[in-house]
Amino acid sequence: MIARINTAPVKKSQSYRLDDLISGKEKELAKITRYKQSLYQDWKDGEISQQEYREMKADYERQAAGLSDVLARLTAERAELSSSVDQQHPALVAFAKYQNIEKLTREILIELVDHIKVYENGNISVKFKFADEFRKIAEYIEINTTDTAEAG
């Protein structure tokens, strides 16, 4: 399936979820930038003190820096998602190696599980090594399979 997707003409390999997140963060950053720009005028008009101006300006700058970091990460994730899925991807190799698992062995556990937490109340949480990669690959396959099916 991965080979078929990679050889098919890619209509749209971007995630709508990522596009929406990026768009929202860009709007939020633009809003903060507008607030920061109008802040100086508020200080000059005497609506806020110089101390308030400095504190609010610093706060807006921190928020803008945080949003810029988030935007950079989301943009990088979107770029990664738009590239093809390599059959030699470590997550795919591990999952292909252990497909249709009927019995959990130490070897499988070591290769696929990052860590397991056992809580006092008896609950257990399992953190898989390739959970994020698997989600990205599945999303890529879903997007491109849908686009390929629509094209054909």
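A quick note: this is a predicted structure, and the numbers were derived from the prediction, not measured. The chain is numbered in sequence order, starting from 1.
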Spatial distance of atom [atom1] ([X]) from atom [atom2] ([Y]) [nearest 0.5 Å]:
{"X": "Leu74", "Y": "Ser23", "atom1": "CG", "atom2": "OG", "value": "11.5 Å"}
{"X": "Asp42", "Y": "Gln37", "atom1": "CG", "atom2": "CD", "value": "12.5 Å"}
{"X": "Lys127", "Y": "Asp114", "atom1": "NZ", "atom2": "CG", "value": "6.0 Å"}
{"X": "Glu28", "Y": "Thr33", "atom1": "CD", "atom2": "OG1", "value": "10.5 Å"}
{"X": "Ile32", "Y": "Leu67", "atom1": "CD1", "atom2": "CG", "value": "4.5 Å"}

Exercise. Has the side chain of Asp45 got a donor or acceptor atom that lies under 3.5 Å from a matching backbone atom of Glu47?
Worked result: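 No, Asp45 side chain to Glu47 backbone: no donor-acceptor pair under 3.5 Å.
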Exercise. Does Glu52 use its side chain to pair, donor to acceptor, with the backbone of Ser49 at less than 3.5 Å?
Worked result: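 At least one qualifying donor-acceptor pair exists.
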Exercise. Given the rule that I, L, V, M, F, W and Y join up when any side-chain heavy atoms are under 4.5 Å apart, are Val113 and Val118 in one cluster?
Worked result: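 In one cluster with Val113: Val118, yes.
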Exercise. For Tyr119 and Ser125, which heavy atoms make the closest approach, and how far apart are they?
Worked result: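 Nearest heavy atoms, Tyr119 then Ser125: OH-OG, 3.4 Å.
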Exercise. Which atom pair, heavy atoms only, marks the closest approach of Ile116 to Ile124?
Worked result: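 That closest heavy-atom pairing would be CG2-CG2, 3.6 Å.
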N/O donor to acceptor pairs below 3.5 angstrom from side-chain atoms of residues 55-64, sequence neighbours left out:
{"unit_1": "Glu55", "atom_1": "OE2", "unit_2": "Gln51", "atom_2": "NE2", "d": "2.8"}
{"unit_1": "Asp59", "atom_1": "OD2", "unit_2": "Gln63", "atom_2": "NE2", "d": "2.9"}
{"unit_1": "Glu61", "atom_1": "OE2", "unit_2": "Lys36", "atom_2": "NZ", "d": "3.4"}

Problem set entry | Under the salt bridge (Lys or Arg N to Asp or Glu O under 4.0 Å) test, residues paired with Arg34 that sit two or more places apart |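 Applying salt bridge (Lys or Arg N to Asp or Glu O under 4.0 Å) to Arg34 gives none.
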For this session: Could you pull out all residues at least two apart from Lys31 that satisfy salt bridge (Lys or Arg N to Asp or Glu O under 4.0 Å)?
Result: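 Counting only residues at least two positions away or on another chain, Lys31 forms no salt bridge (Lys or Arg N to Asp or Glu O under 4.0 Å).
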